[in-house]
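A short write-up of the structure that comes next.
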There are 2 protein chains.
Amino acid sequence: MAQALRFRQAPSPLKASCHQCSLSNLCLPLAVQDNDLDSLEDIVQQGRMYNRGEHIFDQSTPFRSCFAVKSGSVKTSIITEGGEEQVTGFFMPGELVGLDSMSGESYACTAKALERTSVCEFPIDKLEELTGKLPELQHHMYRLMSHEIQNSHQLAMLLSKNTAEERIASLLLSLSSRFQRRRMSGTNFSLPMARNDIANFLGLAVETVSRVFTRFQNQGIIRARGREVELLDIEALQLVTREFSRQGCQQ
Amino acid sequence: MAQALRFRQAPSPLKASCHQCSLSNLCLPLAVQDNDLDSLEDIVQQGRMYNRGEHIFDQSTPFRSCFAVKSGSVKTSIITEGGEEQVTGFFMPGELVGLDSMSGESYACTAKALERTSVCEFPIDKLEELTGKLPELQHHMYRLMSHEIQNSHQLAMLLSKNTAEERIASLLLSLSSRFQRRRMSGTNFSLPMARNDIANFLGLAVETVSRVFTRFQNQGIIRARGREVELLDIEALQLVTREFSRQGCQQ
DNA sequence: GTAGTATTTTGACTTACATCAATCTGGACG
DNA sequence: CGTCCAGATTGATGTAAGTCAAAATACTAC
C-alpha cells in the first residue's frame with residue numbers, strides 16, 4: 001500500500017535504488033565500487049512510466065539528462081527538416097539513452113517508448129560532477145560513448161555494404177545477445193519494434209523486411225508470427241551475416 | 001639549424017607546445033583555461049611525421065593514445081575478417097582520432113595518413129587523469145565523443161536514405177566547412193582522399209562517384225580536376241542535399 | 001461480438017546503382 | 001623525355017531492392 005502511494009507521485013523526483021536494481025550489473029552501477037554506489041543513487045531520479053508511443057524527449061527538448069532504460073524499450077530517431085525519420089537505435093533495459101546529445105543545447109534525437117517503459121534519469125550536470133570524482137565512472141562513460149560510436153560505425157558498414165538478408169540477420173543476432181545478457185532467452189523473444197522501425201533502422205523498405213522474414217522462415221532459420229520470433233538456427237544466421245565477407249575473401 | 005636538429009629526433013617523446021600551436025582554438029586546448037594549458041602540454045607527446053599511406057595505428061595495435069591531427073589528414077577504416085574495408089571517417093587538422101577505441105584493448109579501427117601528416121599524441125591514461133581534474137576538459141571530451149556519435153548517425157542516415165548525388169554533395173559541404181574553420185578557402189581546396197576512399201566512405205562504387213563528379217561539373221556546380229575541387233555554386237550543392245527532404249515534405 | 005484502423009504480407013513492375021570492361025589521365029622515376 | 005602503373009573516367013548491361021497496389025491479418029474500442 002505504501003508502495004502504491006509512492007508510485008502515484010512518480011513525476012516528482014524520486015530517488016531510485018541502484019542497490020536493489022536487478023540491472024546493476026549492466027547499467028552505470030556496474031562501474032562503481034559498492035561504497036560509491038550511494039553517491040550515484042544521490043543523483044539518479046526515478047523517472048516516470050511511459051506508455052507505448054510516448055516521447056521521453058525530442059529534438060526540441062533542452063538537453064538535461066541521460067536516461068537508463070529500466071524496463072521496456074526505447075527507440076531513438078532523428079527527424080529531418082523535411083519530416084523524414086531515421087531510426088538511430090533501439091535501447092533495452094540497462095542501456096543508456098542520450099549519449100549522442102552531450103554536445104548541444106537540445107537533444108540530438110527523439111526518444112520514444114516502444115512499449116510500456118520506465119527509465120532512470122541522470123541529470124547531466126550532476127553526472128559530470130560525479131564522474132569528475134569517480135575515475136572508474138568517468139572511464140565507464142568514455143567506454144559507453146566509445147562503444148556507441150563503434151555501434152554506429154558498424155551500422156554504417158551494414159548499410160553501405162550488406163544485403164537486406166545480412167542486415168536483418170545482424171539485427172536479430174544483436175537483439176538475441178542483448179536478451180541473453182539479461183538472462184532471458186536468446187532464441188525466443190518478442191520484438192519490441194514494428195517492422196516499419198526495423199526497415200527504417202536498416203535502410204530498407206517495410207516490404208523488403210517482410211519478405212526476408214518469410215524467406216528466413218521458409219528456410220527454417222527462424223519462426224516468426226508477428227512480433228514473436230524464434231531463432232531456430234543461430235549458426236545459419238551467423239553464416240548469413242558472414243556470407244558477404246567470405247565472398248570478399250575468395251576474390 | 002637548431003630547429004632542424006630537433007625534428008631529427010622526432011620519434012622520441014617530445015613535448016609539444018600547445019601555447020604556440022596555431023590549432024589551439026580547434027583542438028583540445030580550446031577547452032582549457034590558459035593557466036591549465038601547461039598541464040595539457042605536460043601529457044601531450046609530439047608524434048612523429050607520417051608519409052602518405054603510413055599507418056598511425058591499426059586494429060591489432062593495443063590502444064594507448066588518442067591522436068590530434070596537427071597537419072595533413074587521416075583516414076580511419078574498419079577492416080572486416082574477410083578483408084573488406086569500410087572507411088569510417090576523415091580527420092583534418094585540429095580533429096581527434098581514436099575516440100571510438102576507448103572501450104577495448106585494441107584500436108577499433110585503422111588510421112592511415114592520407115598525405116604527409118603529423119599528429120600529437122595524448123596517452124589515454126594521462127588524459128583520463130587530467131580530465132578528472134579539469135571539469136571543462138572532461139566536458140569537452142564528452143562533447144567531442146557525443147559529436148562523433150552524431151556524425152556517425154548522420155552518416156548512417158546519408159547511407160540509408162540519400163542518393164549518390166546527395167551523399168557526395170554532403171561530403172563536399174562538410175569538407176568545405178571544415179576547411180573554412182581553419183581559415184582556408186571553403187570553395188577552393190584539394191581533396192585529401194582518393195575517389196576510392198570517397199566511394200567506400202559513402203557506400204558507393206568508384207564509378208558512381210566519378211559519374212556524379214562529372215554530372216556536377218556539367219551542371220556548373222563544381223569544377224574538379226583530379227583532387228583539386230572548386231565549389232562554384234554552394235547554394236546549389238545545399239539544394240541537392242535537401243532535395244530529398246523537400247520531396248518528403250510535399251507528400 | 002463487430003466495425004474500423006493499423007500493421008503486415010504478397011505480387012507485379014521500375015529504377016538507381018553495381019558490375020564488368022575498356023579507355024584515358026597524370027605523376028614517379030629511370 | 002618517354003615508360004609505367006595506379007587512379008580516374010566513360011559506356012553497356014545486370015540486379016537487388018524500391019515503389020505501387022491490393023489482400024490478409026492483427027489490434028482497438030465500442
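In what follows, every chain begins at residue 1, and chains take the letters A, B, ... in the order their sequences are listed. Remember, predicted model here, so these are calculated numbers, not experimental data. All values below come from the heavy atoms of this structure, side chains included, with hydrogens, waters and symmetry mates left out.
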>> Categorize B:Ala205 for me: base, sugar-phosphate, or nothing, with a 4.0 angstrom heavy-atom threshold over every strand shown.
In response: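 Answer is base: heavy atoms of B:Ala205 come under 4.0 Å of a base.
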What is the distance from atom [atom1] of [X] to atom [atom2] of [Y], rounded to the nearest 0.5 Å?
| X | Y | atom1 | atom2 | answer |
| --- | --- | --- | --- | --- |
| B:Ile149 | A:Glu148 | CD1 | CD | 4.5 Å |
| B:Thr76 | B:Ile56 | OG1 | CD1 | 10.0 Å |
| B:Thr117 | B:Glu54 | OG1 | CD | 9.5 Å |

Calculate the interatomic distance between [X] atom [atom1] and [N] atom [atom2]; express it in whole Å.
| X | N | atom1 | atom2 | result |
| --- | --- | --- | --- | --- |
| B:Ile168 | C:dC17 | CD1 | C1' | 12 Å |
| A:Phe216 | C:dT8 | CZ | C1' | 17 Å |
| A:Arg211 | C:dG11 | CZ | P | 9 Å |
| B:Phe213 | C:dC17 | CZ | P | 15 Å |
| B:Arg227 | C:dG26 | CZ | P | 14 Å |
| A:Lys161 | C:dC17 | NZ | P | 16 Å |
| B:Arg195 | C:dG26 | CZ | C1' | 13 Å |
| A:Asn162 | C:dC17 | CG | C1' | 17 Å |

>> Reading DNA chain D from 5' to 3', where do the contacts with chain B start and stop? Cut-off is 4.0 Å to heavy atoms.
In response: D:dA8 to D:dA12
> How far apart are the C-alpha atoms of B:Lys112 and B:Glu85, what are their side-chain angles, what is the distance that settles it, and do they pass the salt bridge (charged side-chain N to carboxylate O under 4.0 Å, His left out) test?
Replying inline: CA-CA 12 Å; B:Lys112 204 179 193 179; B:Glu85 179 180 24; 5.9 Å; no
> Would you say the ring centroid of A:Phe63 lies under 6.0 angstrom from that of A:Phe57?
Replying inline: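 No, they do not, as the ring centres are separated by 6.0 Å or more.
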> Do we get B:Arg211 above B:Phe213's six-membered ring, with its NZ or CZ under 6.0 Å from the centre and within 45° of the axis?
Replying inline: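 Ring-cation test returns no.
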> Is the NZ or CZ atom of A:Arg48 both under 6.0 Å from the centre of the six-membered ring of A:Tyr50 and within 45° of that ring's axis?
Replying inline: yes
> Is any side-chain nitrogen or oxygen of A:Ser210 closer than 4.0 Å to OP1 or OP2 of C:dT10?
Replying inline: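 Indeed not, no polar side-chain atom of A:Ser210 lies that close.
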>> Both B:Met193 and A:Leu204 contact DNA chain D. Taking the nearest nucleotide for each, which residue is further toward the 5' end?
In response: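 First, find each residue's nearest nucleotide; the 5'-ward one identifies B:Met193.
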> For the side chain of B:Glu207 and the base of C:dC20, is some donor closer than 3.5 Å to an acceptor across the two?
Replying inline: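 Answer is yes: a donor-acceptor pair is held.
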